[in-house]
Q: 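Shown below is the structure under consideration.
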Amino acid sequence: MATAQETHEYPGELNDVPGWFWPLDQVLFSWFLERQERLDTRGDLLELGAYLGKSAILLGHRLRDGETLTVCDLFGAEPPDAANRAEAAKSYSSLTRQAFERNYLSFHDTLPRIIQAPSSAVVDEVAPGSCRFVHIDASHLYEHVEGDIGAAKELLGPDGIVVLDDFRSEHTPGVAVAAWEAVLNRGLRPICLSSQKLYGTWGDPEPVQEELLAALRGRDDIAVTVERAAGQRLVRTRARGKRLRPPSLPSSRHPA
Ligand SMILES: C[S@@+](CC[C@H](N)C(=O)[O-])C[C@H]1O[C@@H](n2cnc3c(N)ncnc32)[C@H](O)[C@@H]1O
């Protein structure tokens, strides 16, 4: 697992930034954000759990004039409960806000709006219905993710996109419970799945799913499978081998 100490060098490219944001998800984030741009869907971007900035830097790359990217992370601040404290001590003990800011500013001229607080703070800081894209990747404990999903539902505008990280990993059962509970009981409609992330909406998933299927079926580097479960159409995506064509990524001002 990457640690913050690995980043005393400035990143020469996005994939130099330690984190858990894999190439297929970089392609999918870019596709959803580009589609919103194409359709002129306006709104802010929000990330809960930024770590050293790997996914936030890509979100910042897709920001348009007049829009705000907000990131919320503890960045070493006191977690709100003992379980979250243990999680942070195990996985993010050396994280600092300074390291995040240094990485982010290697790719962008200005920092995003930063909320250094537990993710439960966002509902008091971000306006209801103001977001077009929310990435939930903070604590992976059920009670937190359940709250973060509720926040995303409140903060997203119509047809906004929510992405849930680690919805199926062996070490994050709380995310799996919260994710499928949201699908079965809280109106969340899955759009597609990668091995790491569930992409969904509280709007109508069908138009975006159809466009995504057409886009992915035109690529020979991504395998797509469709199946139904509990009345939901699930589009599964998988990178074929290691030759995934990357999306347009932001350039570092410190190229290697
Ligand atoms: C998996 S990392 C995020 C990875 C990042 N999105 C990426 O792609 O590289 C999870 C982050 O959530 C933060 N975090 C953990 N518990 C949190 C909480 N209760 N509220 C806000 N952030 C939290 C941690 O400090 C850590 O930086």
Side-chain angles (χ1 to χ4, degrees), residues 1-7 11 13-30 33 45-62 69-104 106-107 112-126 133-152 155 162-169 171-172 174-175 178 194-199 249-250:
M1 185 176 283
T3 67
Q5 282 98 338
E6 288 171 54
T7 61
E13 55 179 85
L14 183 67
N15 287 311
D16 289 343
V17 178
W20 298 269
F21 186 43
W22 309 115
L24 177 58
D25 289 303
Q26 295 174 15
V27 169
L28 291 169
F29 268 51
S30 300
L33 292 161
L45 311 182
L46 172 65
E47 175 161 83
L48 308 180
Y51 191 56
L52 288 165
K54 192 165 191 170
S55 44
I57 290 165
L58 181 63
L59 291 174
H61 182 53
R62 295 287 166 189
L69 166 63
T70 300
V71 302
C72 174
D73 199 294
L74 294 169
F75 290 125
E78 184 60 18
D81 57 65
N84 196 191
R85 195 172 307 122
E87 183 188 30
K90 181 163 180 276
S91 302
Y92 318 118
S93 61
S94 53
L95 175 64
T96 63
R97 177 168 171 169
Q98 191 189 20
F100 167 84
E101 292 184 354
R102 184 192 51 208
N103 287 337
Y104 194 90
S106 296
F107 296 86
R113 179 178 177 222
I114 298 177
I115 302 173
Q116 184 170 0
S119 57
S120 55
V122 289
V123 285
D124 297 324
E125 300 285 339
V126 177
F133 192 97
V134 176
H135 182 209
I136 299 181
D137 194 7
S139 169
H140 288 25
L141 300 168
Y142 170 78
E143 288 74 13
H144 292 267
V145 182
E146 192 260 350
D148 293 347
I149 291 172
L155 302 179
V162 63
V163 186
L164 296 175
D165 183 64
D166 261 338
F167 77 102
R168 56 178 285 279
S169 299
H171 67 290
T172 56
V175 186
S194 67
S195 60
Q196 245 66 41
K197 299 187 194 281
L198 183 154
Y199 296 72
L249 296 174

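Numbering of ligands and ligand atoms starts at 1, following listing order. Numbers here simply count residues along the sequence, with the first being 1. None of these values were measured; they are calculated from a predicted model.
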Q: Does S119, backbone or side chain, put an N or O under 3.5 Å from an N or O of ligand 1?
A: yes
Q: Donor-acceptor check, side chain of Q196 to backbone of D166, threshold 3.5 angstrom: yes or no?
A: no
Q: Are any of the side-chain heavy atoms of H144 and P80 separated by less than 4.5 Å?
A: yes
Q: Does some side-chain heavy atom of T70 sit less than 4.5 Å from a side-chain heavy atom of E125?
A: no
Q: Report, in ascending order of atom number, the atoms of ligand 1 lying under 4.0 Å from any heavy atom of K54.
A: 9 (O)
Q: Show which atoms of ligand 1 fall inside a sub-4.0 Å distance from at least one heavy-atom site of P118.
A: 20 (N)
Q: Taking atom 19 (N) of ligand 1 as the point of reference, which of N84, V122, N103 owns the nearest heavy atom?
A: N84
Q: For ligand 1, which is the ligand I care about here, please tell me if G49 has any N or O atom under 3.5 Å from one of the ligand's N or O atoms.
A: yes
Q: Using a 4.0 Å heavy-atom threshold (strictly under), name the region of Y92 that reaches ligand 1: side chain, backbone, both or neither.
A: side chain
Q: Using a strict cut-off of 4.0 Å, indicate which atoms of ligand 1 neighbour a heavy atom of F21.
A: 8 (O)
Q: Does any non-hydrogen side-chain atom of F75 lie less than 4.5 Å from one of I114?
A: yes
Q: Verify, without hydrogens or angle tests, whether E47 (side chain) and D137 (backbone) share a donor-acceptor contact under 3.5 angstrom.
A: no
Q: Using a strict 4.0 Å cut-off to heavy atoms of L95, name the atoms of ligand 1 that fall inside it.
A: 25 (O), 27 (O)
Q: Would you call A50 a ligand 1 contact, heavy-atom distance under 4.0 Å?
A: yes
Q: Please tell me if the side chains of N15 and K54 come closer than 4.5 Å, counting only heavy atoms from C-beta onward.
A: yes
Q: Give the atoms of ligand 1, by number and element, whose distance to some non-hydrogen atom of A117 is under 4.0 Å.
A: 20 (N), 21 (C)
Q: Would you mind checking which non-hydrogen protein atom is closest to atom 27 (O) of ligand 1, with the distance to 0.1 Å?
A: D73 OD2, 2.7 Å
Q: Between L48, I57, D137, I136, which one has a non-hydrogen atom sitting closest to atom 6 (N) of ligand 1?
A: D137
Q: Could you find the nearest protein heavy atom to atom 15 (C) of ligand 1 and give me its residue, atom name and distance?
A: S139 N, 3.6 Å
Q: Which of the numbered atoms in ligand 1 are under 4.0 angstrom from any heavy atom belonging to S55?
A: 5 (C), 6 (N), 7 (C), 8 (O)
Q: Which of the numbered atoms in ligand 1 are below 4.0 angstrom from a heavy atom of G19?
A: 9 (O)
Q: Decide yes or no for V126 and R113: does some side-chain heavy atom of the first lie under 4.5 Å from some side-chain heavy atom of the second?
A: yes
Q: Main chain of H171, side chain of S169: is a donor-acceptor contact present, judged purely on distance under 3.5 Å?
A: no
Q: Can you pull out the closest protein heavy atom to atom 12 (O) of ligand 1? Residue, atom name and distance to 0.1 Å, please.
A: A138 CA, 3.3 Å
Q: Report the distance from atom OG of S120 to atom CG of N84, rounding to the nearest 0.5 Å.
A: 9.5 Å
Q: If you have a sec, work out which protein heavy atom is nearest atom 17 (C) of ligand 1 and how many Å separate them, to one decimal?
A: L74 CD1, 3.5 Å
Q: For the atom pair CD (E101) and OG1 (T96), what is the distance rounded to the nearest 0.5 Å?
A: 8.5 Å
Q: Is there a heavy atom in P79 that sits closer than 4.0 Å to ligand 1?
A: no
Q: Please check whether H135 reaches ligand 1 - meaning an N/O of the residue sits under 3.5 Å from an N/O of the ligand, judged on distance alone.
A: no
Q: Does any N or O atom in Y51 lie less than 3.5 angstrom from one in ligand 1, N or O only?
A: yes
Q: Apply the side chain to side chain contact (heavy atoms under 4.5 Å, CB included) test between K197 and each candidate in L164, D25, I136; give the one that qualifies.
A: D25
Q: Could you tell me whether a side-chain N or O of R85 sits under 3.5 Å from a main-chain N or O of E78, the two making a donor and an acceptor?
A: no
